[in-house]
Amino acid sequence: MPDPTYGARHIAIIMDGNGRWAKRKHLPRALGHKKGVEAVRNIVRVAGKMGIEAMTLYAFSSENWNRPDEEISDLMGLLRQYIQSDIEEFVENGIRLKVIGNYKALDDDIVGMIDNAIERTAANDKMTLAVALNYGAQDELLRATQEIAAAVKNGRLDPEEIETGHISAALDTADLPPLDLLIRTSGELRLSNFLLWQAAYSELYFTDVLWPDFDQKELEKALKSFGDRERRFGGR
Ligand code: IPE
Ligand code: IPE
Ligand code: MG
């Protein structure tokens with residue numbers, strides 16, 4: 001059997017289209033988000049079985065605060081439920097949970113649940129599931145810049161000695177493999193402030209499928225497409 005990952009170690013997904021999925025079915029948006037969580041659960045299992053090393057999922061962006069309060073509270077409610085109901089499965093299946101983004105700004109009880117789940121799964125090594133919460137790539141780069149500036153200020157780093165490696169190391173994704181494949185569902189052709197630095201040489205895959213409908217077959221299609229590409233990294 002060929003390697004189902006086609007050599008992709010780290011994949012990231014912009015899980016878009018929950019609202020449109022609900023709208024098409026004349027259902028409330030909240031139900032679209034609920035179905036979206038089911039798709040997350042399924043895809044995490046599938047990716048783990050395939051042998052993907054790391055998967056980063058865009059769950060809530062730093063710009064999603066612009067949504068109505070009711071929708072934000074629905075999303076936070078689903079996040080609470082998801083952590084509570086799936087933590088045991090992560091523990092059992094060797095999934096290490098990681099969060100990227102400024103999640104400490106979320107409600108205290110959510111921060112507590114996240115920190116607890118991160119701690120309980122810290123030694124797991126089958127797959128890292130990185131969930132992007134209150135994440136924005138520009139905010140991430142801003143925080144990294146502040147960290148580097150502080151190192152310069154107190155004399156630990158010389159401005160002339162700053163390398164791209166210092167920046168990568170100061171990002172939330174520092175401990176993840178390079179990003180191989182970036183998927184976006186629901187037909188939008190933009191990155192919406194996701195992993196701007198990390199995507200420098202990632203392969204991009206866009207599909208019209210709405211996130212709640214994204215299943216094993218769709219992930220296999222994306223990986224097959226990745227496997228068919230020729231990556232050059234500027235060479236020839
Ligand atoms: C993605 O679905 C989920 C989040 C951004 C939290 P959307 O809610 O953006 O769905 P559409 O884009 O309106 O269809
Ligand atoms: C990107 O989707 C963020 C997440 C999937 C969490 P959005 O629906 O927020 O992106 P835009 O607003 O269409 O760019
Ligand atoms: Mg959207």
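Residue numbers count from 1 along this sequence. Atoms within a ligand are numbered from 1 in the order they appear, just like the ligands themselves.
Distances from atom 9 (O) of ligand 1 to the heavy atoms of M15, K23, R20, R67 show the closest one on R67.
Residue A59 touches ligand 2 through its backbone alone, judged by heavy-atom distances below 4.0 Å. At a 4.0 Å heavy-atom cut-off, ligand 1 touches N64 through the side chain alone. Residue contacts with ligand 2 for F60 involve N, CA, C or O but no side-chain atom from C-beta outward (heavy atoms, distance under 4.0 Å).
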Inset, instruction - Show the numbers, then the answer: is there a ring pair (Phe, Tyr, Trp, His ring centres under 6.0 Å) between Y6 and F226? - result: CA-CA 7 Å; Y6 293 90; F226 171 81; 7.8 Å; no
Legend entry - Trace of the side chain to side chain contact (heavy atoms under 4.5 Å, CB included) decision for Y103 with N134: CA-CA 6 Å; Y103 75 94; N134 191 19; 5.6 Å; no
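Side-chain contact between M55 and V44 is present, with heavy atoms from C-beta onward closer than 4.5 Å. Using a 4.5 Å cut-off on side-chain heavy atoms (C-beta onward), T185 and F214 make contact.
Ligand 2 places these atoms under 4.0 Å from at least one heavy atom of R184: 2 (O), 10 (O), 11 (P), 13 (O), 14 (O). Under a 4.0 Å criterion applied to the non-hydrogen atoms of R190, ligand 2 contributes the atoms 11 (P), 13 (O), 14 (O). Atoms of ligand 1 lying under 4.0 Å from at least one heavy atom of R29, given by number and element, are 7 (P), 8 (O), 10 (O), 13 (O).
For CZ of R24, the number of neighbouring non-hydrogen atoms (other residues, nucleotides, ligands) closer than 6.0 Å is 12 at most.
In terms of protein heavy-atom proximity, atom 2 (O) of ligand 1 is closest to N18 N, 3.2 Å. Nearest non-hydrogen protein atom to atom 10 (O) of ligand 1 is G19 N, 2.9 Å. For atom 14 (O) of ligand 2, the closest non-hydrogen atom on the protein side is S192 OG, 2.6 Å.
Note on ligand 1: E188 sits outside its first shell, no heavy atom being nearer than 4.0 Å. In this structure, G17 counts as a contact residue of ligand 1, since one of its heavy atoms falls inside 4.0 Å of the ligand.
Note on ring orientation: taking the six-membered ring where Trp is involved, the planes of F90 and Y82 are perpendicular (angle over 60°, cut-offs 30° and 60°).
A side-chain contact (heavy atoms from CB on, under 4.5 Å) with P212 is found for exactly one of L31, N18, V40, namely N18. Looking at N154, D158, V152 one by one, the single match for side-chain contact (heavy atoms from CB on, under 4.5 Å) with R156 turns out to be N154.
Distance screen at 4.0 Å: atom 12 (O) of ligand 2 has no protein heavy-atom neighbour inside the cut-off.
For ligand 2, the polar-atom distance check finds no N/O of Y58 at less than 3.5 Å from any of the ligand's N/O atoms.
The distance between the ring centers of F194 and Y135 falls below 6.0 angstrom.
Atom CH2 of W197 and atom CD1 of I167 lie 3.5 Å apart (nearest 0.5 Å).
E188 lies apart from the Mg ion (ligand 3) in this respect, since none of its N, O or S atoms is found at a distance under 2.8 Å.
Counting just the N/O/S atoms of D16, the one with the shortest distance to the Mg ion (ligand 3) is named OD1.
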